[in-house]
Peer 1: 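Take a look at this one; I'll ask things after.
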Amino acid sequence: MEIDIPKVYEPQKVEDKWYDYWLKHNLFSSTPRRSRQPFSIVIPPPNVTGILHMGHALNNTLQDVIIRFRGMQNYNTLWVPGTDHGGIATQNVVEKLLLAEGKTRHDLGREKFLERMWKWRKESGDIILSQLKRLGCSLDWSRTRFTMDDVCSRAVRHAFVELYNRGLIYRGKRLVNWCPRCQTALSDIEVEHEEEEGKLWHIKYPLKKPKKGGVSFIVVATTRPETMLGDVAVAVSPGDKRYENIVGEVIVLPIVNREIPVIEDEAVDPAFGTGAVKVTPAHDPTDFDIGARHKLESIVVIDTQGKMTKDAGSYAGIDRYAARKAVLGDLALHGLLLETTDHRHAVGRCYRCNTVIEPLISEQWFLKVEDMSRRAMEVVEQGKIKFYPDSWKGPYLSWLEKLKDWCISRQIWWGHRIPVYYCGGKGAPKKAKDKRDSSCPPIAAVDRPTSCPECGGTVIEQDTDVLDTWFSSALWPFSVFGWPVDKTGANQAAAGAADSDYYYPTAVLVTGHEILYLWVARMVQMGLQLRGDVPFREVFIHGIVRDKNGKKMSKSLGNIIDPLEIMNKYGTDALRFSLAQSAAPGRDMQLSDDSFISARNFANKIWNASRFVMMNIKNSDWQPGFLAVWPLELADVWILSQYRLLVKDVTDALAGYNIDTAARLLYEFFWSKYCDWYIEIAKIRLNGQDPETRRAALSVLLEVLAGTLRLLHPIMPFITEEIWDSLVKFKESSEDRPVSIMKYPWPEADQSKVDTVAISKMELLQEIVTAVRTIRSEMNVPPGKSVSIHLNVNPLEQQVFSGEGAGYLKQLAKAQEILVGESLPRPAQSAMAVVSNVQLFVPLAGLIDLEKEKQRLLKEHKNAGMELERCKKNMENADFMKRAPQAEVDKMRQRMADAQLKIERIGENIKFLE
RNA sequence: GGGUAGUUAGCUCAGCGGAAGAGCACUCGCCUCACACGCGAGUGGCCGCAGGUUCAAAUCCUGCACUACCCACCA
């Protein structure tokens, strides 16, 4: 046989070729067409600092599977690529580079620093996007967006102004999470809480006038003694018996000697510590609220650098942790430090640099979330957005329920500058000192105003803060389509519609659960508020990739598996298949080399089966356009039935985001049914002399292979395209056939054509083949040696073992002779088995080990005995007979009959051996 | 402190009301004219623990124990 296809699939040789080919034929681009139903996805934009890691590989493989699947179902699919500027994270990277030169961003100044940022962004830029090409992602590159490009920036400014005008954005002096290292405020969700071992210090606060009963002090417990310098009260739980005489009294704050009151507040838990809390509104969220309730002053003792302020008296200028030590020392000196206990508590840290967060009072911009949250909850409750898996609905709702106003301003430089302008006042000096002090109201505007609408002054300065990077991310599902200006955008087709209307809402958002709140919930809020509709109809939430020890992959742990390395080693399709197979919805996954090897082997199996089919076609009189019109036999009907079941199951699985199920079904069908059984059976006709039956076998081989390749294509695009390219020539002679497998329709199958009778006949034959093979293997029959098979079968079922059935047994069990009867005698020196209600003998004169055979039969006998017992127990149970469905009772009766027969037959044989 | 998910063969995981499954690993036999990245056969499980529901439970319910993750202003 002529062999011109390599025996081993070599992914490296074909992947680049096909990706270029797809691009050349514009297969990933989409234009709005009213006549076609859109199916759009926007990529979760990776940070510009990023390189492809396994999480990206998983996330984007899943999106590509979905988009290719829907494309083959003839939706007008669009997958939009892009990157995120990444705010603090990206600025930190460049600041680190500067540090290496001994400089800070302040040395350069805002303008020069931003130049540097853009330069760096340009250089490192979109590496990750080119890596996505390597992954095979079918993204429409002509639409690549960046959160800080002109289109997205305009959307951000517009969104801000609109929200401001609706009264949803406001400026206020509040207690915010401050990162002393990043020098900026953070939102609540950007603070990561970690349990740490800490101390709880008990401090004596003396009363100004000791009570008659001898009470002269109150003891407070704190984890942060340095903040006592900013204490303005001591609070106890309302009605706490221990302190009822002290409430309303005055305390002289140690060290500072400030007089502060003892108050009652429901925020105090009487069971914790001493039941008395020092109140520091300027440096603790709870205390801030207590302060507000009791109209207390806020005394700021820690500044933005994490150093003590002048209000900290003698501690002014020293670091917050040094101040802690000093304060404790001074308290101890005066005998005011009573007790120190170990105390585990949660410490908030910056999610970007891990520095301990300092709650500080600061003037910031906030977004009112109450109304937006309510609406974002409603759409999920009403099913306008569906979660896959559904279990994420709960966490999503409860997070929104508790959400507080979002601090959206950041004191960094890399980002969208807040589009608010301050007037320096009429006839003001050229440079206003503090723009915010102007008597004119601030101006929120999409474009910089030339003069103040209030006073006509022309000295106008923009707010120096930038927006939280997640603000622009929240607009992503519509900013990428040019909202709001570009309703008749550059991509509009003559007969089409505006992108922004056609592709929005997007079909599905695919993401890991780690950014459900940070990103997903906010897109819903913004979409509803600004577009009046949900940003996506479905959310597919997948797990996190972990290493083989269950640890999250991270650079610092050094347990990263580099997807590029895997692609180089095993091929992109192997990586994709492996990820797809592990992607059980909502479950984290552990990856190891084994799973990649197994996927690579599967790719090779596909390769070789296809190679087999094509080689056989080449060596025949096959003509393109031949169809399966020849008489089909049992195995054909069987594999076609199995294939039809597969089509339905795979389609359902993909539509329900059960990508793992789809992958497993395909693997199982292709390897264990198509290759292990159907190809082996087809060989009988392929090697035979009859051209007509050979063509019949070839046509079924080809049809099922072609269908399976199309089902596999979304998961394994490269190998399926490579094989399709050769295979399709045997299917269609036309020269103007579609350019790619992805342009062929997704398979559909009529379930009414599934032949369950053929399936059970084949299953019986398969079981008999396995039984004979087991005998051969256990009795050490040389693989090359033929045997005879004697079958005792019920007359009604003998037909299965005549004709083609007998042929299958001969081929698959290496038998030269099949004898079928009703009560054939046991041949001398033979091994036997019972399958269903069929008894079979394999004569093995000279080969059989009688003792071994006896042991084997005894084991079978025992198993059948246990089976019989189980059945009997049910059959003798009146409740079972009465309450179980008739089908179950029938099944049980059949099982019992089979077991009885088996015991009987095997029993006879064991006696015979003795 | 409150959630959510998980606990099935040595490992990684399917199955989620009617006879315990796959891949890898292991044992035995095979270079059988698609594939040794392969073929055939086999060993291996009180389906985390304790109750309950049911004719029937790995599967549903309730506790408990671990494991992981998320959320939380007990100083």
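In what follows, every chain begins at residue 1, and chains take the letters A, B, ... in the order their sequences are listed. This one's a predicted model, so the numbers in the text were calculated from it and none came from an experiment.
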Peer 1: Counting heavy atoms from C-beta on, name the nucleotide in B:rC37, B:rC70, B:rA34 closest to the side chain of A:Ala609.
Peer 2: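 The answer is B:rA34.
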Peer 1: For A:Asn608 and B:rC31, give me the distance from atom CG to atom P, rounded to whole Å.
Peer 2: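 After rounding, the reported distance stands at 19 Å.
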Peer 1: CG of A:Leu666 versus P of B:rA14: gap in Å, rounded?
Peer 2: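 In whole Å, B:rA14 P lies 18 Å from A:Leu666 CG.
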Peer 1: Would you measure the distance from the C1' atom in B:rG48 across to the matching atom in B:rC39 and give it in whole Å?
Peer 2: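 Rounded to whole Å, the distance is 38 Å.
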Peer 1: Under 3.5 Å, which protein N or O atoms sit close to an N or O of nucleotides 5-10 of chain B? Give each pair with its distance.
Peer 2:
none

Peer 1: With heavy atoms under 4.0 Å as the rule, sort A:Cys871 into base, sugar-phosphate or nothing.
Peer 2: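 Touches nothing.
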Peer 1: Let's see if you can work this out: which of B:rA14, B:rG40, B:rC71 has an atom nearest to the side-chain heavy atoms of A:Arg664?
Peer 2: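 That would be B:rA14.
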Peer 1: B:rC35 base to A:Lys605 side chain: any donor-acceptor pair below 3.5 Å?
Peer 2: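 Indeed, a donor on one side and an acceptor on the other fall under 3.5 Å apart.
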Peer 1: Treating a pair as Watson-Crick (purine N1 to pyrimidine N3 plus N6-O4 or O6-N4) or G-U wobble (N1-O2 and O6-N3) with both distances under 3.5 Å, list the stems of 3 or more consecutive pairs that involve RNA chain B.
Peer 2: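 The stems that RNA chain B takes part in, listed by first number, are B:1-7 with B:65-71, B:10-13 with B:21-24, B:26-30 with B:38-42, B:48-52 with B:60-64.
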Peer 1: Let me know the distance between NZ of A:Lys859 and C1' of B:rA41, rounded to the nearest Å.
Peer 2: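 One finds 11 Å between C1' of B:rA41 and NZ of A:Lys859, rounded.
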Peer 1: Rounded to whole Å, please give me the gap between CD in A:Gln811 and P in B:rC33.
Peer 2: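 The distance from CD of A:Gln811 to P of B:rC33 comes to 12 Å, rounded to the nearest Å.
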Peer 1: With rounding to whole Å, what would you report as the distance between B:rU62 and B:rC70 at their P atoms?
Peer 2: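 One P to the other, the span is 26 Å.
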Peer 1: For each nucleotide in nucleotides 17-25 of chain B, reading 5' to 3', give B when a protein heavy atom comes within less than 4.0 Å of its base, S when such contact involves only the sugar-phosphate, and - otherwise.
Peer 2: -BB---SS-
Peer 1: Below 6.0 angstrom between ring centroids: does that apply to A:Phe387 and A:His513?
Peer 2: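 When the ring centroids of A:Phe387 and A:His513 are compared, they turn out to be at least 6.0 Å apart.
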Peer 1: Would you call A:Asp660-A:Arg664 a salt bridge at under 4.0 Å N-O?
Peer 2: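 Looking at A:Arg664 together with A:Asp660, the answer is yes, because their closest N to O distance falls below 4.0 Å.
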Peer 1: Regarding A:Glu226 and A:Arg320, does a basic nitrogen lie under 4.0 Å from an acidic carboxylate oxygen?
Peer 2: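 So A:Glu226 does not pair with A:Arg320 through a salt bridge.
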Peer 1: Any side-chain N or O of A:Lys683 less than 4.0 Å from the OP1 or OP2 oxygen of B:rA34?
Peer 2: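 Answer is yes, contact under 4.0 Å.
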Peer 1: How would you label the contact of A:Gln894 with the nucleic acid (heavy atoms, under 4.0 Å): base, sugar-phosphate, or nothing?
Peer 2: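 Touches nothing.
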Peer 1: What's the CZ-P distance between A:Phe670 and B:rC35, to the nearest Å?
Peer 2: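 Answer to the nearest Å: 14 Å.
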Peer 1: State which residues pass side-chain hydrogen bond (donor to acceptor under 3.5 Å, both in side chains) with A:Arg694; sequence neighbours excluded, sorted by chain then number.
Peer 2: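 Residues passing side-chain hydrogen bond (donor to acceptor under 3.5 Å, both in side chains) with A:Arg694: none at all.
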Peer 1: Which value, in whole Å, describes the distance between the P atoms of nucleotides B:rA75 and B:rC16?
Peer 2: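 Those two atoms are separated by 45 Å.
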Peer 1: Any idea which heavy atoms bring A:Leu200 and A:His202 closest together, and the distance?
Peer 2: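 Looking at all heavy atoms of both residues, the shortest contact is O-CD2, 3.7 Å.
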Peer 1: Could you tell me which non-hydrogen atom of A:Arg293 sits nearest to which non-hydrogen atom of A:Ala267, and how far apart they are?
Peer 2: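 That would be NH2-CB, 3.7 Å.
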Peer 1: Any salt bridge (Lys or Arg N to Asp or Glu O under 4.0 Å) involving residues 768-777 of chain A? Give me the pairs, sequence neighbours left out, ordered by first then second residue.
Peer 2: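 The answer is none; no pair qualifies.
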Peer 1: Applying the ring-ring contact (aromatic ring centres under 6.0 Å, His included) test to A:Phe540, which of A:Tyr657, A:Trp392, A:Tyr388 qualifies?
Peer 2: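 Of all the options given, the one that passes is A:Tyr657.
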Peer 1: In terms of heavy-atom contacts, does CD of A:Glu195 have more than 12 from other residues, nucleotides or ligands at under 6.0 Å?
Peer 2: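 Check passes, neighbour count above 12.
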Peer 1: What are the two closest non-hydrogen atoms of A:Ala771 and A:Leu840, and how far apart are they?
Peer 2: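 That closest heavy-atom pairing would be CB-CD2, 4.1 Å.
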Peer 1: So which pairs with a foot in residues 578-611 of chain A pass ring pair (Phe, Tyr, Trp, His ring centres under 6.0 Å), sequence neighbours left out?
Peer 2: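 Applying ring pair (Phe, Tyr, Trp, His ring centres under 6.0 Å) to every pair that reaches into residues 578-611 of chain A, excluding sequence neighbours, yields A:Tyr9-A:Trp607, A:Phe577-A:Phe602, A:Phe602-A:Tyr667.
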Peer 1: Pick base, sugar-phosphate or nothing for A:Tyr517, based on heavy-atom distances below 4.0 Å to the nucleic acid.
Peer 2: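 It contacts sugar-phosphate atoms only.
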Peer 1: Tell me which pairs pass salt bridge (Lys or Arg N to Asp or Glu O under 4.0 Å) where either residue lies in residues 278-288 of chain A, with sequence neighbours left out.
Peer 2: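 Pairs touching residues 278-288 of chain A that pass the test: A:Asp231-A:Lys278.
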Peer 1: Hey, are A:Tyr351 and A:Glu192 close enough side-chain-wise for a donor-acceptor pair under 3.5 Å?
Peer 2: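 On atom types as modelled, these side chains do not qualify, holding no pair under 3.5 Å.
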Peer 1: In whole Å, what is the span from the CD1 atom of A:Ile597 to the P atom of B:rA36?
Peer 2: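 These atoms are roughly 16 Å apart.
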Peer 1: Rounded to whole angstrom units, what separation is found between the CD1 atom of A:Ile681 and the P atom of B:rG40?
Peer 2: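 After rounding, the reported distance stands at 12 Å.
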Peer 1: Name the atoms and distances for all side-chain donor-acceptor pairs under 3.5 Å in residues 862-871 of chain A, with sequence neighbours left out.
Peer 2:
unit_1	atom_1	unit_2	atom_2	d
A:Glu867	OE1	A:Arg870	NH2	2.9
A:Glu867	OE2	A:Arg895	NE	3.0

Peer 1: Hey, which of these two, A:Val8 or A:Lys402, hits RNA chain B nearer its 5' end, going by closest nucleotide?
Peer 2: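 Nearest nucleotide further toward 5': that of A:Val8.
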Peer 1: Identify all pairs in which a protein N or O lies below 3.5 Å from an N or O of nucleotides 26-29 of chain B, and state each distance.
Peer 2:
none

Peer 1: Indicate whether OP1 or OP2 belonging to B:rA14 is found under 4.0 Å from a side-chain N or O atom of A:Thr661.
Peer 2: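 Result: no.
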Peer 1: With a 3.5 Å cut-off and no angle check, do the side chains of A:Gln886 and A:Asp890 form a donor-acceptor pair?
Peer 2: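 Their side chains do contain a donor-acceptor pair, which is all the 3.5 Å distance test asks for.
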Peer 1: Using the test side-chain hydrogen bond (donor to acceptor under 3.5 Å, both in side chains), find all partners of A:Lys852 that sit at least two apart in sequence or belong to another chain.
Peer 2: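 By the side-chain hydrogen bond (donor to acceptor under 3.5 Å, both in side chains) rule, A:Lys852 matches no residue at all.
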Peer 1: I'd like to check the side-chain hydrogen bond (donor to acceptor under 3.5 Å, both in side chains) partners of A:Glu668; sequence neighbours left out, ordered by chain and number.
Peer 2: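 So A:Glu668 forms a side-chain hydrogen bond (donor to acceptor under 3.5 Å, both in side chains) with A:Lys673.
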Peer 1: Using the P atom on both, measure B:rC64 against B:rG2 and round to a whole Å.
Peer 2: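 One P to the other, the span is 11 Å.
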Peer 1: Does A:Lys873 qualify as a cation-pi partner of A:Phe880, given the criterion of NZ or CZ under 6.0 Å from the six-membered ring centre and within 45 degrees of its axis?
Peer 2: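 No, cation not above the ring by the 6.0 Å, 45° rule.
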Peer 1: Check every atom of B:rC39, B:rC35, B:rA41 against the side chain of A:Thr774 and return the nucleotide holding the closest atom.
Peer 2: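 For the A:Thr774 side chain, the nearest candidate turns out to be B:rA41.
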Peer 1: Dump the pairs, protein N or O against N or O of nucleotides 73-75 of chain B, anything under 3.5 Å, distances to one decimal.
Peer 2:
unit_1	atom_1	unit_2	atom_2	d
B:rC73	O2'	A:Thr286	OG1	3.1
B:rC73	O2	A:Thr286	OG1	2.7
B:rC74	O2	A:Asp269	OD2	2.3
B:rC74	N3	A:Asp269	OD2	3.2
B:rA75	OP2	A:His343	NE2	3.2
B:rA75	O2'	A:Ala221	O	3.2
B:rA75	N6	A:Asp269	O	2.6
B:rA75	N6	A:Phe272	O	3.1
B:rA75	N1	A:Asp269	N	3.1

Peer 1: Just wondering, do A:Met614 and A:Ile723 contact through their side chains at under 4.5 Å, heavy atoms?
Peer 2: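 Heavy-atom side-chain distance check passes, below 4.5 Å.
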Peer 1: Which whole-number value in Å describes the distance from A:Ile561 CD1 to B:rU12 P?
Peer 2: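 Nearest whole value for this atom pair: 14 Å.
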Peer 1: Which value, in whole Å, describes the distance between the C1' atoms of nucleotides B:rG40 and B:rG18?
Peer 2: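 So the two C1' atoms sit 32 Å from each other.
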Peer 1: Say we look at B:rG10 and B:rC46: how far apart would their P atoms be, to the nearest angstrom?
Peer 2: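 Taking atom P in both B:rG10 and B:rC46, they lie 8 Å apart.
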Peer 1: Pick the nucleotide of RNA chain B nearest each of A:Thr770 and A:Val613; which residue has the one closer to the 5' end?
Peer 2: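 Its nearest nucleotide being more 5', the pick is A:Val613.
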Peer 1: Taking B:rC49 as the reference, what is the distance to B:rU67 when you measure between their C1' atoms (whole Å, please)?
Peer 2: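 B:rU67 and B:rC49 have their C1' atoms separated by 15 Å.
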Peer 1: Suppose you measure atom P in B:rA22 against the same atom in B:rC61; what distance do you get, rounded to whole Å?
Peer 2: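 The same atom, P, in both gives a distance of 28 Å.
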